[in-house]
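These notes are about the structure you will find just below.
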2 protein chains.
Amino acid sequence: MSYEELVFDVFARNCTSRPVMETVAGRWGLLTMAALRDGTHRFNELRRRVDGVSEKMLSQTLHALERDGLVVREVRSAIPPRVEYSLTDPGRRIAAKLTELIELLEAEMPGITLAQARYDTAKDPADVPQQPQR
Amino acid sequence: MSYEELVFDVFARNCTSRPVMETVAGRWGLLTMAALRDGTHRFNELRRRVDGVSEKMLSQTLHALERDGLVVREVRSAIPPRVEYSLTDPGRRIAAKLTELIELLEAEMPGITLAQARYDTAKDPADVPQQPQR
DNA sequence: CGGGATCCGATTAGATACTG
DNA sequence: CAGTATCTAATCGGATCCCG
């Protein structure tokens, strides 16, 4: 398939951009990218910043981001081992946008919290739609 | 707990903004919000636009977004039933940002695709990190 | 048309233990 | 330190059936 034929429309099922979108905007991808915005970080530094990630998930996320060319992984052979992660140029552009999203959402949270409370008291407390609760 | 004490830092585990972030930036939330940007839509219209959603997932997503006060659901009693979904004001602000993210990602996709190809041929084809593949 | 209820397999994610 | 491997529990998500 020729290069020009590739279409990257997220709305289309089976579009190649969907899995990328999910790593990038997913729970851990989003936070990891944002955490890397202020420079290079080591694995356990990132673990501390992205509160709640398991080693496994952080490792998976970083590998996927590296594959997408958004993060670079640099190994400095030494004892103790030192592995550093940083954003590439495209990574920086995407992370900037993700940060804007985070900040907007945080700014809207007071209103959202109120809306949730209103919704929950109006409805039967039993059947509140479940949001992802991980 | 008083209103001022609430902190909405996504980086903190157990922060109330995390589940919201996940509905909004999650696979279906993102596309649903973006699809609603150009106006009111009915359930099955949305299903067609958000290619690949099941009824169940679309329904869940819409309810969660409604609970967060980002989407309004209006029922017009009639035969056949007519239910319309549209964005609220906060919903519109967030959807705008999500659309920016989508457009940025789509613009970066050529580079990302190349990076993936390079990564996959460099590494053993067996152990390519898995992205969500749904 | 617009869903809710249920069933069930496939994934995901976390805990834990282990390694270079 | 920086992970990988393994096991298990939770969840996701599609299919199906049903109803107003």
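Quick note on labels: first sequence line is chain A, next is B, and so on, each numbered from 1.
- Looking at N44(B) and R47(B), their side chains come closer than 4.5 Å, going by heavy atoms from C-beta outward.
- Nearest-nucleotide mapping onto DNA chain D: of K56(A) and M57(B), the residue sitting toward the 5' end is K56(A).
- No donor-acceptor distance shorter than 3.5 angstrom exists from the side chain of S59(B) to the backbone of E55(B), with no hydrogens or angles considered.
- As rounded to whole Å, 18 Å separates atom C1' of dG3(D) from atom CZ of R76(A).
- At the phosphate of dT4(D), OP1 or OP2 sits under 4.0 Å from a side-chain N or O atom of H63(A).
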Kindly indicate, with the supporting measurements, whether the criterion salt bridge (charged side-chain N to carboxylate O under 4.0 Å, His left out) is fulfilled by R27(A) and E22(B). CA-CA 6 Å; R27(A) 191 188 356 241; E22(B) 279 154 36; 3.2 Å; yes
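- Residues P90(B) and E108(A) approach most closely at CB-OE1, 3.7 Å, considering heavy atoms.
- The separation between Q60(A) atom CD and dA13(C) atom P is 7 Å, rounded to whole Å.
- Salt bridge annotation for R49(A)-D38(A): present, with a cationic side-chain nitrogen under 4.0 angstrom from a carboxylate oxygen.
- For the pair S59(A) and dA2(D), the criterion of a side-chain N or O lying under 4.0 Å from OP1 or OP2 is not met.
- Phosphate proximity of dC1(D) to Y85(A): absent, as no side-chain N or O sits under 4.0 Å from OP1 or OP2.
- If you check dT4(D), dG3(C), dG2(C) against the side chain of P81(B), the one that comes closest is dG2(C).
- Stretches of at least 3 consecutive Watson-Crick or G-U wobble pairs, with each checked distance under 3.5 Å, appear in DNA chain C as C:1-20 with D:1-20.
- If you measure from atom CZ of R13(B) to atom C1' of dA15(C), you get 13 Å, rounded to the nearest angstrom.
- Interface residues of residues 37-50 of chain B facing DNA chain D, ordered by number: none; criterion, heavy-atom separation under 4.0 Å.
- Annotation: side chain of R67(B) is not in contact with side chain of T23(B) (no heavy-atom distance under 4.5 Å).
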Starting from the C-alpha separation in whole Å, work towards a yes-or-no answer on side-chain contact (heavy atoms from CB on, under 4.5 Å) for Y85(B) and H41(B). CA-CA 5 Å; Y85(B) 296 91; H41(B) 289 287; 5.7 Å; no
